[in-house]
> 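I have a structure here, written as C-alpha cells, and I will follow up with some questions on it.
Quick note: residue numbers are just sequence positions, from 1.
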Amino acid sequence: MEKRWTLPQWDENKVLQLQASLKVNRVICQILVQRGIDTYDKAKQFFRPQLSDLHSPWLMKDMEKAVERIMLAFQKNENILVYGDYDVDGTTSVACMFQFLQSIYPKVGFYIPHRYKEGYGISQLGIDYANEHNYSLIISLDCGIKSVELILYAQNLNIDFIVCDHHLPDNVLPPAVAILNPKQSNCNYPYKDLCGCGVGFKLITALSEKLQLPETAPFEYLDLVACAIAADIVPITGENRVLAYYGLKKVNEKPCAGIKALLQLAGMQKEVRINNLVFIIAPRVNAAGRMDDAKKAVQLFIEKDITTALQLAEMLHNDNTDRKEADSSITAEALALIEEDENHIHKCATVVYKEHWHKGVVGIVASRLIEKHYKPTIVLTKSGHYITGSARSVAGFNLYEAIYACKDYLIGYGGHFAAAGLTLKAENLHAFSNAFENVVKQTIHPNLLIPEIIIDAAIELKDITQGFYSIISQMEPFGPENMQPIFMLKEVTDTGYSKIVKNEHIRFVIKQDKLTITGIGFNMAHQFHLLANQNPVNLVCTIDENDYMGEKNLQIRVIDIKSAHKNLTNNGITYHQKNVQT
C-alpha cells in the first residue's frame with residue numbers, strides 16, 4: 001500500500017538558538033523544537049524528569065472533598081468499594097487504590113464489572129453488589145463521569161460516590177460527593193492528560209499527605225501507573241512523562257510480583273521499555289476482560305507471592321492465546337468477505353458482519369483490517385437479539401461524528417474521535433452500512449485514505465553515530481506526542497547483501513558515499529525488489545541497536561522504501577507545518 005511521507009517544517013532560528021545552548025547535533029535540536037521543546041530549561045526538564053516536577057494533588061477540583069469523605073469513612077468504620085473498568089487502565093487503577101487503602105484501613109473491597117454481563121463503566125449490578133455487602137462509599141476509577149442516573153440510583157440507596165475519571169465530561173455531571181477529573185471545565189489542575197490510574201494516583205498522593213505518610217509512599221505503585229499510561233495511549237508529555245519514566249525504572253528494578261510474572265512468562269530478559277508494556281503486559285491484561293473475567297487481572301497485580309502470581313499470570317497468558325486465535329481466524333474471515341465484495345475497492349469505508357464472531361476481539365480485528373485496507377472500519381457480530389460491534393478510524397477522520405450522523409439506524413453508540421462501539425437491530429444492518437459509507441464518502445478528505453508517515457528529520461548516514469543514538473535514546477519513554485523519531489535517508493544504495501528472511505522480512509546493508517549500515521525491514525518482503533536492483537532509494541526508518549551475542553551495533557529499522565527516481569513532486573514527500581504543543 002502506497003504511503004504518504006510528510007516532513008514537518010520548523011523554525012530554523014529556534015533550532016539554531018537551542019543548538020547554541022545545548023551544544024548537540026542540529027538534527028536533535030530540530031526534533032526538539034518540532035515537539036515544543038525550544039529552550040534550554042524545557043530541554044533540561046524533558047531529558048531529566050524529576051518526581052518533584054509533579055503537581056500538587058490539591059490543585060485538582062474536589063480533591064479536598066474526596067479526601068474528607070474518605071477520612072470520614074475511616075472514622076465511621078464504613079466499608080469502601082474500589083470500582084474500576086475491565087481494561088488495563090481500570091484494573092491497574094483498582095490495584096493501586098485497593099492496595100493503598102488496605103495498607104492503612106481494613107474494610108476495603110474491589111469490584112470489576114463483567115464486560116458482557118454488565119458492559120463498560122458503572123453498572124446497576126455493581127451498585128446492587130455494593131448495597132448487598134454494606135458498602136456505603138464507592139471510589140470509581142477510569143469510569144463514572146457519564147453515569148448520572150446510576151450514581152443517582154446509588155445515592156437513593158445511601159451509597160456515596162467519589163468519581164476518579166479522565167474521560168470528557170458531559171454538560172450534566174453525576175451527583176457524586178467528589179469528582180476528580182482534570183478535564184472538567186472548572187478544574188484548574190495544570191495537566192489535563194492523565195489516564196484514569198494517574199487520577200487515582202493523585203488521590204493516593206493527597207491521602208498520603210493528609211495522613212502524613214512518607215513522601216515516597218505513593219511511588220510504590222508507579223510500575224502499575226506506567227502500565228496504564230502505556231496501554232491507554234495518553235500523551236507521554238508533562239506529568240505522564242515523569243510518571244512513565246519513574247514507573248519504568250521501578251518495572252526494571254523492583255516490579256510488583258504480577259508484572260514480574262507476566263514478563264517472566266513472556267521470556268523478557270532485556271531492559272523493559274514502554275513498548276514492552278504495550279505489547280507484553282497490556283494484551284495479556286486486556287485479554288482477561290475480552291475472553292473471561294478481568295477480576296483476575298486485579299488479583300494478579302495485588303498478589304505478593306511470586307508463585308501465586310505466576311499461576312495467575314498463566315491464566316492471563318492463556319486468555320491472550322485464546323484471544324490471538326480468535327483474532328487471527330476472524331481477521332482471515334473478514335478479509336475474505338472484503339475480497340468477495342467487488343465494490344469494496346471503490347468504497348471509502350469497511351463494514352463487515354458475521355453473527356458467530358467473538359464480541360471481545362472485534363475492535364482488534366477492525367484495527368487489523370485497517371492495516372490491510374486503510375479505511376474507517378466497523379466489525380459487527382451478533383449479541384443476544386441485536387447486532388453489536390466496534391469501529392476504528394484512520395488518522396485524522398472523526399469516526400464518532402460519522403456514526404452519530406447514522407444514529408437513526410442505531411439502538412446505542414458511544415466512543416470518541418478514533419474508536420467507537422455501536423448496537424443496532426438486524427433489520428437495520430443494510431441501511432446502516434449504506435448510510436455509513438455515504439457519510440464517510442461525503443466527509444473524508446481523499447488524502448486521509450492514504451496512510452501517512454510523519455518524518456521527524458532528513459539525515460545522512462554520517463549522522464548516525466553512537467552519540468546521536470545515545471541522545472535519541474534519552475528521549476524515551478516514547479509514546480503519543482513523543483514518538484520514537486522517524487528519519488529519512490535520501491539516495492542510498494544497497495551493497496548487494498540484501499535478502500529475504502523467513503519469506504516476510506528483509507535484511508540488507510546500504511551505503512551512502514563511503515559509509516554503510518545494516519538494516520532490517522519487518523513484513524517488507526514485497527519491497528525487496530527496490531533494493532535488489534541496486535538503484536538509489538529513499539528510506540524512512542528508525543535507529544536502534546542490534547544486540548547479537550553480547551555485541552551491540554547500530555542498525556536502522558526500515559518503515560518504507562521509495563525509488564529515489566520516482567517521478568513525484570519532492571519524491572513523494574510533502575512539507576507542512578506541524579501543530580506543536582508548547
> Check the surroundings of atom CG in N188: do more than 12 heavy atoms from other residues, nucleotides or ligands lie under 6.0 Å from it?
no

> Applying side chain to side chain contact (heavy atoms under 4.5 Å, CB included), name anything that partners A206, two or more places apart in sequence or on another chain.
P57, W58, M63, V67

> With sequence neighbours excluded, what pairs up with A366 under the side chain to side chain contact (heavy atoms under 4.5 Å, CB included) test?
T377, V379, R392

> Quick one: list whatever passes side chain to side chain contact (heavy atoms under 4.5 Å, CB included) with H416, sequence neighbours left out.
A418, A419

> Restricting to side-chain hydrogen bond (donor to acceptor under 3.5 Å, both in side chains), what partner residues turn up for Y111, sequence neighbours left out?
E118

> Looking at L248, is its backbone amide N or carbonyl O close enough to the side chain of N252 to form a donor-acceptor pair, meaning the two atoms are under 3.5 Å apart?
yes

> Check the side chains of Q184 and K192 for a donor-acceptor pair under 3.5 angstrom, ignoring hydrogens and angles.
no

> Can you list the residues that meet the ring-ring contact (aromatic ring centres under 6.0 Å, His included) rule with F161, with sequence neighbours excluded?
none

> State which residues pass ring-ring contact (aromatic ring centres under 6.0 Å, His included) with Y40; sequence neighbours excluded, sorted by chain then number.
none

> Considering residues at least two apart in sequence or located in another chain, which fulfil the ring-ring contact (aromatic ring centres under 6.0 Å, His included) criterion with Y86?
none

> Applying side-chain hydrogen bond (donor to acceptor under 3.5 Å, both in side chains), which residue pairs with at least one partner in residues 125-137 are found, sequence neighbours left out?
E78-S136, D128-Y153

> Suppose we screen for ring-ring contact (aromatic ring centres under 6.0 Å, His included). Which residues come up paired with F279, at least two apart in sequence or across chains?
none

> side-chain hydrogen bond (donor to acceptor under 3.5 Å, both in side chains) with D305: which residues, sequence neighbours excluded?
T308

> Show me the pairs that pass side-chain hydrogen bond (donor to acceptor under 3.5 Å, both in side chains) and involve residues 277-299, at least two apart or across chains.
R284-H317, D292-K296, K296-D319

> Does any part of the side chain of F46, heavy atoms only, come nearer than 4.5 Å to the side chain of R35, both counted from C-beta?
no

> Using a 3.5 Å cut-off and no angle test, enumerate the donor-acceptor pairs between side-chain atoms of residues 380-387 and protein atoms at least two apart in sequence or in another chain.
residue : atom : partner : partner atom : Å
T381    : OG1  : K354    : O            : 3.3
T381    : OG1  : E355    : O            : 3.3
T381    : OG1  : W357    : N            : 3.3
T381    : OG1  : W357    : O            : 2.6

> Report the C-alpha distance between K202 and E239 in whole Å, list the side-chain angles of each, state the deciding distance to 0.1 Å, and finish with yes or no for salt bridge (charged side-chain N to carboxylate O under 4.0 Å, His left out).
CA-CA 11 Å; K202 302 311 291 192; E239 275 197 312; 2.9 Å; yes

